[in-house]
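Note that the numbering runs from 1 along the sequence shown for the chain. Computation of the quantities below employed the complete heavy-atom set of this structure, encompassing side-chain atoms and omitting hydrogens, waters and symmetry-equivalent molecules.
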Amino acid sequence: MNSLNSSLTWQYRTPKTQLLLWVGWMLLLALFIYCWNIMTEHTMWVFVYDAPQAAADLIDRAFPPRWSYMERLWLPLWDTLNMATLGTLLGVILATPLAFLAASNTTPSRVLVRPIALFVIVASRSINSLIWALLLVSILGPGLLAGILAIALRSIGFVGKLLYEAIEETDLTQVEAITSTGASRAQILNYAIVPQVLPTFFGISVFRWDINIRESAILGLVGAGGIGMQLQSSLNVLAWPQVTLIILVVLATVVVSEWISAKVRQAVI
């Protein structure tokens, strides 16, 4: 009996499981090779091989930045900040009632109203702000208005989703305590639910504003105004020192907005 036990060795997986695992890895590798061949079917590898030299040449022409061009960036940068701020504000205003309509514990109708509100939130989140900007520029023409509306339409889904989830996670004991006093539905919202979600609301709003500053800098590439239009103009004429300066300005703006966003969220949450 002792000799039988000594001849047995422990294995993490059975031979059958190991075989299936290896077959799975081989199938995954075959799938990767197949997808890679499809993705690179029309790739001109001569350009890929030359990419390091081309990148080095581009970097050499892009430095040093053209600092004198900065005087032409102040107004576009201000437009970008306004686009992000006004778009965020409009998106938050529209998303707040949607969030209360979508939350299962505050919606007036789970059968009709809640699905409609959820559909609007999902539709907003599923379309990128750049696509919204393309559509709005074709309708309204180029300018800041298209950019502001694109930022707002994208922000509705982001703010609405996070806010309605926060509403659904509110403490029920506070709601029950207010309800037991005979309070109306509006009073329950005002005194039991809103105070609980208010810090989250401010945190979400500031976080979205931070994101929108980055997106606003890109929307100008499709004619939505802001510093992105200056970037597009510089790219069109191959003014690489100007492109470098614009990228540095956008980077600095994003860093500052990130710092402000972190401080505000730290203060309210």
Flag for N236-Q232: side-chain donor and acceptor within less than 3.5 Å: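 On atom types as modelled, these side chains qualify, holding a pair under 3.5 Å.
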Modelled atom types, side-chain donor and acceptor of W209 and T85, under 3.5 Å: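 The criterion, which ignores hydrogens and geometry beyond distance, is satisfied for T85 and W209.
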Enclosure of R72 CZ (heavy-atom neighbours >12, cutoff 6.0 Å):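 Result for CZ/R72: open.
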salt_bridge(E71, R66) N-O dist < 4.0 Å: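 Not counted as a salt bridge, because no side-chain N and carboxylate O are separated by less than 4.0 Å.
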R208 bridged to E215 by N-O distance under 4.0 Å: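 Salt bridge between R208 and E215, a charged N being under 4.0 Å from a carboxylate O: yes.
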Verdict with reasoning, D210 to V206, per side chain to side chain contact (heavy atoms under 4.5 Å, CB included): CA-CA 6 Å; D210 177 35; V206 174; 5.8 Å; no
Does any N or O in the side chain of [X] come within less than 3.5 Å of the main-chain N or O of [Y], such that one atom is a donor and the other an acceptor?
X    : Y    : result
S180 : A177 : yes
T244 : A62  : yes
T107 : A103 : no
S205 : F201 : yes
N212 : S155 : no
S138 : L135 : yes

Over all atoms of both residues, closest heavy-atom pair of G91 and I156: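 Between these two residues, the closest heavy atoms are O-CG1, 3.9 Å.
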Side chain proximity check, P76 to M229, heavy atoms < 4.5 angstrom: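 A side-chain contact is absent here, since even the closest heavy-atom pair is not under 4.5 Å.
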W240 side chain reached by F63 side chain, heavy atoms, under 4.5 Å: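 Side-chain contact under 4.5 Å: no.
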Derivation and outcome, side-chain hydrogen bond (donor to acceptor under 3.5 Å, both in side chains), residues T170 and Q196: CA-CA 6 Å; T170 52; Q196 294 188 61; 4.8 Å; no
Worked verdict on W259 versus K263 for side chain to side chain contact (heavy atoms under 4.5 Å, CB included): CA-CA 6 Å; W259 180 80; K263 290 296 183 181; 3.4 Å; yes
CG on L198 to CD1 on I193, rounded to 0.5 Å: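 Those atoms lie 13.0 Å apart.
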L86 vs L90, side chain to side chain contact (heavy atoms under 4.5 Å, CB included): CA-CA, chis, key distance, verdict: CA-CA 6 Å; L86 294 176; L90 181 58; over 6 Å; no
W132 and its side chain to side chain contact (heavy atoms under 4.5 Å, CB included) partner, picked from L153, V137, V222: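 So the option named by the test is L153.
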Pairing residues for I116 by the side-chain contact (heavy atoms from CB on, under 4.5 Å) criterion, not counting sequence neighbours: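 Result, side-chain contact (heavy atoms from CB on, under 4.5 Å) vs I116: L112.
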